[in-house]
2 protein chains.
Amino acid sequence: MADIRTVAAAAGVSIATVSRVLKTPDVVTKATRDKVMAAVEATGYRPNALASGLRRAKSDNIVVVVPFIQNPFFSGVIQGIEGVAFAEGYQVLLGESQNDQARLDSYAAMLRSKTADGLILLGAALPSQVPDKTPLVMACEYFPDHRIPAIRIDNEAAAKLATEHLIGLGHKRIGKIAGPHDNQLSQDRIAGYRAALTAAGLAYDEKLVVEGDFDVESGHAAMSRLLDLPEPPTAVFSASDEMAIGALKAAREHGKRVPDDLSLIGFDGIRYGDFCDPPLTTVVQPNVEIGAAAARLMIGILKGGDIPAEDIVLPASLLVRQSTGPAK
Amino acid sequence: MADIRTVAAAAGVSIATVSRVLKTPDVVTKATRDKVMAAVEATGYRPNALASGLRRAKSDNIVVVVPFIQNPFFSGVIQGIEGVAFAEGYQVLLGESQNDQARLDSYAAMLRSKTADGLILLGAALPSQVPDKTPLVMACEYFPDHRIPAIRIDNEAAAKLATEHLIGLGHKRIGKIAGPHDNQLSQDRIAGYRAALTAAGLAYDEKLVVEGDFDVESGHAAMSRLLDLPEPPTAVFSASDEMAIGALKAAREHGKRVPDDLSLIGFDGIRYGDFCDPPLTTVVQPNVEIGAAAARLMIGILKGGDIPAEDIVLPASLLVRQSTGPAK
DNA sequence: TTGTACGCGTTATCAA
DNA sequence: TTGATAACGCGTACAA
């Protein structure tokens, strides 16, 4: 309602002074500052963000593009981003890509139209056009050959950890439900799985590695195939909790008791893993912290900080619940 | 990069014409239109949303405030909102209130600063200040005595449906895990539960109604109390799936088999209900559609449509899975 | 149908 | 320390 002129008139100062009181209070006398603040209170004045943004060439918006909003793992990342953005005076503009390039591009275009200042990507896809100097940060996913800063865990080490847990329980035939083969995280997790096997003197058997797409249904299908093998595994490492949930269902359908007949470990640490029967042992990614770190990095870049040469790697941890047990 | 002047120069027209080609193509000759569009393509010009917004006094942003981003039921609502907003050329600005009034107020203040044009509320709390004519829509929750348009289901009827399902299975002692007593939805669901009992000639027993707060842990505690009763219920209706998930755990701990010893029905229809053991019978709220309808309503209001006098009530449905069975 | 020119509400520059 | 004023980029009334 009230614009800056009203406030200036009410306080008996120029509009420039009002602006200064709000943006750089230090350069203003306490006396005039108080006068102006009183007028601001009285009128309920709020600077017009559009005008301010136009002048400063900044929107203070950050676009966050997520493949699927309903994915609980991503929800945590988004929560982390929102927390930092809110504290730092930025707004989160949420977009769902649905793995659709046009949608992703459309959200990325918001940078060109000044609708937003920066872009945080939660999926593995990149916009068609990424001009140099685009403020872009990836959360969770990354591309080894692009120079895009990413916040993530060490997926290979985390997968190694999971596999070692199974090996430590005495398992020798350990299956793997992998993510899509063209996904870097999937590859890293397979590498970690393989490394752990090799270190333990266990053979890597391709037949024990089945590909899924990170979703529940694919986990169900993958576990079915593993259990239909002539020599099924006694333990399975899934590259996502979602797939592990599907796998649990498949195990039940095959009459396998978890963990008595079959151990299962997931990946991600989504809340619902705790409510499965049995509760799911898993590798916990600090997803909220990943989001927070991504937001901090983005805001740093927007404030003129430079882009780190190395990814920021956060620690993942093993959460042992009841879906894993000793081999018989 | 390229601003409107560059495009105008490249096309050999005035900046006004460029603007017209983009906003009101009909009033421009096809010849000049083509000329301008070619220049737009060539320069990669995108109108500055800040400048446009300032001039039009619109940001085309809609703030969506949700109590907790990680709640999967809300995620669906947000997805519905995003879908419609995207299609209609609006942006979704996501905020988490964390049931904190200051946070909610802060997001609501974005309307005054023109950061956003409208506000969609997913929780039951209202901003401290809601000036008349504020474009405000509620999704799921509502206040009977305020004149705030809401998109929701008929909670009483839905709760009646759930309770009738249990009655139809022969249950006589039906417990209820309710939501917070100061919440309208909780009250409606209790009313529906009570109506069903009464219609079936069953007594309403206060001892069988235990209050939770919609979250897992409270459902666990509530079910424990119900099962510790001298005469525990043979069936329980939970006012949320989250509480039902906690209740399932409590039932297991009490050595009750579901549904053989105890039937359990939830409310909301979150995805994870299908992965419980046993899969959860529940009342499905069309959460994505609720979000979509809320966005449509909001956009209609922003475009000058008037506020409907009545809430928009969407149909809920019973989804029978395996957590409910015949009374013995 | 097209161009000129003003104003949207700020912030930043420059002078005082 | 404060004030006058230009400029941010666009949309639109008005004139041509």
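Note on naming: letters A, B, ... go to the chains in the order of the sequence lines (proteins, then strands), and numbering restarts at 1 for each one.
The pair B:R296-B:E289 does not meet the salt-bridge criterion, since no charged nitrogen lies less than 4.0 angstrom from a carboxylate oxygen.
Residue B:S52 has no polar side-chain atom (N or O) positioned under 4.0 Å from OP1 or OP2 of D:dG9. In this model, the phosphate group of C:dG3 is approached by a side-chain N or O of B:T17 to a distance below 4.0 Å at OP1 or OP2. In terms of phosphate contacts, B:S19 brings no side-chain nitrogen or oxygen within less than 4.0 Å of OP1 or OP2 of D:dT12. Contact annotation: A:S14 does not reach the phosphate of D:dA4 (side-chain N/O to OP1 or OP2, under 4.0 Å).
The distance from atom CG of A:N48 to atom C1' of D:dG9 is 14 Å, rounded to the nearest whole Å. Taking atom CG of residue B:L50 and atom C1' of nucleotide C:dT11, one finds them 13 Å apart after rounding to whole Å. The separation between B:L22 atom CG and C:dT2 atom P is 15 Å, rounded to whole Å. When the P atom of D:dC10 is taken as reference, atom CZ of B:R55 falls 13 Å away, rounded to whole Å. Residue A:K23 contributes atom NZ, which lies 16 Å from atom P of C:dG9 at whole-angstrom precision. If you take CZ of B:R56 and C1' of D:dC8, they are 17 Å apart, rounded to a whole angstrom. In this structure, A:D26 atom CG and D:dT1 atom P are separated by 10 Å, rounded to whole Å. Rounded to whole Å, atom P of D:dA6 lies 17 Å from atom CG of A:L54.
Donor-acceptor pairing under 3.5 Å, judged by distance alone, is present between the side chain of B:R20 and the base of C:dG3. Within 3.5 Å, no donor on the side chain of A:R46 pairs with an acceptor on the base of C:dG9, nor the reverse.
Inspection of the B:R56 and B:S52 side chains reveals an N or O donor paired with an N or O acceptor under 3.5 Å.
The backbone N or O of A:G291 lies less than 3.5 Å from no partner atom in the side chain of A:E82, so there is not a single donor-acceptor pair. In this structure, B:N61 contributes its side chain and B:L93 its backbone to no donor-acceptor pair below 3.5 Å.
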* To do: May I have the step-by-step check of side-chain contact (heavy atoms from CB on, under 4.5 Å) for B:F86 and A:S106, ending in yes or no?
  => CA-CA 9 Å; B:F86 181 81; A:S106 182; 3.4 Å; yes

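Among the heavy atoms of the strands lying under 4.0 Å from B:I4 are primed sugar atoms or P, OP1, OP2 only; no base atom is included. Counting any heavy atom pair closer than 4.0 Å across all strands shown, A:K114 reaches no nucleic acid atom.
The 5' end of DNA chain D is approached more closely, in terms of each residue's nearest nucleotide, by A:G12 than by the other of B:Y45 and A:G12.
Looking at the side chain of A:A16, the nearest of the listed nucleotides C:dG3, C:dA12, D:dG9 is C:dA12.
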